[in-house]
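A quick write-up on the structure given underneath.
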Amino acid sequence: MTAADALATARELLREFPVVDGHNDLPWALREQVRYDLDARDIATDQSAHLHTDLARLRAGGVGAQYWSVYVRSDLPDAVPATLEQIDCVRQLQARYAKTLRPALTAADMEAARGEGRIASLMGAEGGHSIANSLATLRALYTLGVRYMTLTHNDNVDWADSATDAPGVGGLSAFGRAVVREMNREGMLVDLSHVAATTMRDALDATSAPVIFSHSSARAVCDHPRNVPDDVLERLPANGGMAMVTFVPKFVLQAAVDWTAAADENMREHGFHHLATTPEAMKVHRAFEDRNPRPVATAATVADHLDHMREVAGVDHIGIGGDYDGTAFTPDGLDDVSGYPNLIAELLDRGWSRADLAKLTWQNAVRVLGAAEDVARDLQATRGPSNATLAGLDG
């Protein structure tokens with residue numbers, strides 16, 4: 001199969017089984033760049049000068065469902081209202097672009113959107129700081145449409161350890177396990193991206209529903225703490241969950257790890273948060289890159305992770321979570337949300353079957369959300385909402 005034939009086949013497959021992407025930070029980019037002024041960043045028009053994401057490029061990329069991250073930084077003093085602002089941003093996007101984005105709360109909603117030719121629009125909260133140690137707040141986020149929560153972001157929370165912070169409670173505390181159980185009862189997916197490996201293992205022990213990794217790759221291929229160790233990948237078949245490969249170069253290309261550490265330190269030296277993507281911050285990034293050319297990841301780099309994850313976890317337990325608009329750099333060929341066909345073409349060249357690719361792009365993610373709904377239905381028939389507190393369980 002020629003490269004052109006592989007790309008044409010990839011695009012044809014995505015018309016039937018479009019991509020469910022587990023993580024896109026467009027709402028945070030809109031907050032940072034224009035304070036949610038959707039006229040200033042009208043994604044019905046070409047936004048390639050400012051964003052990885054707009055409607056035309058989502059269509060070109062074969063995206064059929066998008067989990068929008070309602071992320072807020074873990075060092076914000078008022079994380080809950082900021083998370084609500086992020087949710088409001090997504091709801092504004094859904095209303096403004098209703099012909100393209102269909103609000104989705106369930107697996108059935110996702111399938112309905114596919115049948116209508118619209119993009120299912122879902123939400124995921126990124127970091128347990130967004131609930132301020134309150135199970136009632138967790139339930140409120142679910143009521144507002146949030147369908148997964150990443151247990152931590154880059155910093156620990158009081159009840160769970162992050163992959164990129166010093167160990168705090170050694171994984172999940174007793175209250176952390178209560179959070180997982182309450183998420184199961186609500187039908188909110190437990191997202192284990194960003195968490196320490198100890199937290200991953202504790203959450204798998206505590207959960208009665210499938211978990212996800214909304215944007216993580218394989219640690220055996222790139223040794224970064226944000227990635228998933230093989231022993232955890234091996235547990236996904238019994239759990240029923242899935243790991244969604246991310247495209248962030250510093251998580252997929254080993255040569256990029258040291259470069260990124262130096263780039264992050266350069267950002268801090270210039271007074272910016274290392275994750276900042278404002279125009280001023282990007283000028284600092286680009287100046288550093290001019291002096292220190294960055295190692296370049298490609299679609300083949302990401303495919304290496306998927307090959308490994310399929311071998312260890314099985315094809316029924318993998319997916320895609322690009323992390324667009326949440327990273328300063330992207331792999332060649334996966335420059336923005338229009339790039340998914342290039343990854344599918346690479347996998348076709350590696351001998352992935354149509355059936356396997358349909359699971360990767362669409363079927364696994366729909367199944368996992370549906371399974372979480374089934375578990376929640378059963379749990380709600382046997383127990384009421386938990387009023388557990390951090391102080392009561394952890395002292």
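Reckoned from all heavy atoms, side chains included, excluding hydrogens, waters and symmetry mates. We're numbering straight along the sequence, starting at 1.
- Nearest approach of Thr83 to Ser130, heavy atoms of both residues: OG1-OG, 3.0 Å.
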Using the rule given for salt bridge (charged side-chain N to carboxylate O under 4.0 Å, His left out), can you reason through Arg15 versus Glu12, listing the C-alpha separation, both sets of side-chain angles and the distance that settles it, and then say yes or no? CA-CA 5 Å; Arg15 282 191 286 274; Glu12 185 276 326; 5.7 Å; no
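- Side-chain contact check for His194 and Asn154: at least one donor-acceptor pair (N or O, by modelled atom type) lies under 3.5 Å.
- Nearest heavy atom pair, residue Ala206 against residue Asn184, reads O-OD1, 4.3 Å.
- Val375 and Val211 are members of different hydrophobic clusters when ILVMFWY side chains are connected at heavy-atom separations under 4.5 Å.
- Under the 4.5 Å side-chain heavy-atom criterion for ILVMFWY residues, a single connected hydrophobic cluster contains both Leu14 and Leu360.
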Should Arg185 and Asp378 be marked as a salt bridge (charged side-chain N to carboxylate O under 4.0 Å, His left out) after you check the CA-CA gap, both sets of side-chain angles, and the distance that decides it? CA-CA 8 Å; Arg185 186 189 172 278; Asp378 291 343; over 6 Å; no
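- Ion pairing between a basic and an acidic side chain is recognised when a charged N comes within 4.0 Å of a carboxylate O; Asp88 and Arg91 show no such pairing.
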Sequence neighbours excluded and cut-off under 3.5 Å, please list the side-chain donor-acceptor pairs for residues 249-259, or say none.
residue: Gln254; atom: OE1; partner: Asp223; partner atom: N; Å: 2.6
residue: Trp259; atom: NE1; partner: Asn292; partner atom: O; Å: 2.7

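- Under 3.5 Å, the side chains of Asp5 and Thr2 contain a donor-acceptor pair of N or O atoms.
- If you check the side chains of Ser173 and Asp394, you find a donor sitting under 3.5 Å from an acceptor.
- Applying the side chain to side chain donor-acceptor pair (under 3.5 Å) test to every pair with at least one member in residues 324-335, sequence neighbours left out, gives these pairs: Thr53-Asp325.
- Ionic pairing of Arg367 and Asp316 is not present here: no N-O contact between side-chain nitrogen and carboxylate oxygen is shorter than 4.0 angstrom.
- For the pair Arg268 and Asp264, the minimum side-chain heavy-atom distance is below 4.5 Å.
- Among the candidates Ile320, Leu347, Leu343, the single residue satisfying the side-chain contact (heavy atoms from CB on, under 4.5 Å) test with Val302 is Leu343.
- A salt bridge does not link Glu280 with Lys283: every distance from a Lys NZ or Arg NE/NH1/NH2 to an Asp or Glu carboxylate oxygen is 4.0 Å or more.
- Ala10 approaches Leu348 most closely through the heavy-atom pair N-CD1, 3.8 Å.
- Applying the side chain to side chain contact (heavy atoms under 4.5 Å, CB included) test to Thr106 and every residue at least two apart in sequence or in another chain returns Ala108, Asp109, Glu373.
- By the 6.0 Å and 45° rule, Arg73 does not stack over the aromatic ring of Trp28.
- Across Ala132 and Val80, no two heavy atoms sit closer than the pair CB-CG2, 3.7 Å.
- Under a 4.0 Å N-O distance rule, the pair Arg31/Asp37 does not qualify as a salt bridge.
- Val169 and Ile131 fall into different hydrophobic clusters, where Ile, Leu, Val, Met, Phe, Trp and Tyr residues are linked whenever their side-chain heavy atoms come under 4.5 Å apart, directly or through other members.
- A distance below 6.0 Å separates the ring centres of His285 and Phe329.
- The shortest side-chain heavy-atom distance between Pro18 and Val63 does not fall under the 4.5 Å cut-off.
- Put simply, the side chain of Val228 does not reach to within 4.5 Å of the side chain of Arg219, judged on heavy atoms.
- For Arg286, the side chain to side chain contact (heavy atoms under 4.5 Å, CB included) partners at least two apart in sequence or on another chain are Met282.
- At a threshold of 4.5 Å between side-chain heavy atoms, the hydrophobic network of Ile, Leu, Val, Met, Phe, Trp and Tyr places Ile318 and Val248 in two separate groups.
- Contact check on Glu85 versus Arg35 returns a salt bridge, with a Lys/Arg side-chain nitrogen under 4.0 Å from an Asp/Glu carboxylate oxygen.
- Here the side chain of Arg226 pairs no donor or acceptor atom with the backbone of Thr164 at under 3.5 angstrom.
- Heavy atoms of other residues, nucleotides or ligands lying less than 6.0 angstrom from CZ of Arg235 number more than 12.
- When all heavy atoms of Gly128 and Val157 are compared, the pair lying nearest together is C-CG1, 3.9 Å.
- Under the 4.5 Å side-chain heavy-atom criterion for grouping Ile, Leu, Val, Met, Phe, Trp and Tyr, Tyr71 is not connected to Leu189 through any hydrophobic cluster.
- With contacts defined as side-chain heavy-atom distances shorter than 4.5 Å, the pair Leu101/Arg118 does not qualify.
- Applying the side chain to side chain contact (heavy atoms under 4.5 Å, CB included) criterion to Ala113, with sequence neighbours excluded, gives Arg102, Ala120.
- Side-chain atoms of Thr277 never come within 3.5 Å of backbone atoms of Ala29 as a donor-acceptor pair (strictly under, hydrogens ignored).
- Listed here is the closest heavy atom pair of Trp362 and Ala65: CZ3-CB, 3.9 Å.
- For residues 57-70, the side chain to side chain donor-acceptor pair (under 3.5 Å) pairs, not counting sequence neighbours, are Asp21-Gln66, Asp25-Ser69, Asp54-Arg57, Arg57-Asp336, Trp68-Ser121, Ser69-Glu126.
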Verdict with reasoning, Arg177 to Glu182, per salt bridge (charged side-chain N to carboxylate O under 4.0 Å, His left out): CA-CA 9 Å; Arg177 292 189 290 275; Glu182 195 66 7; over 6 Å; no
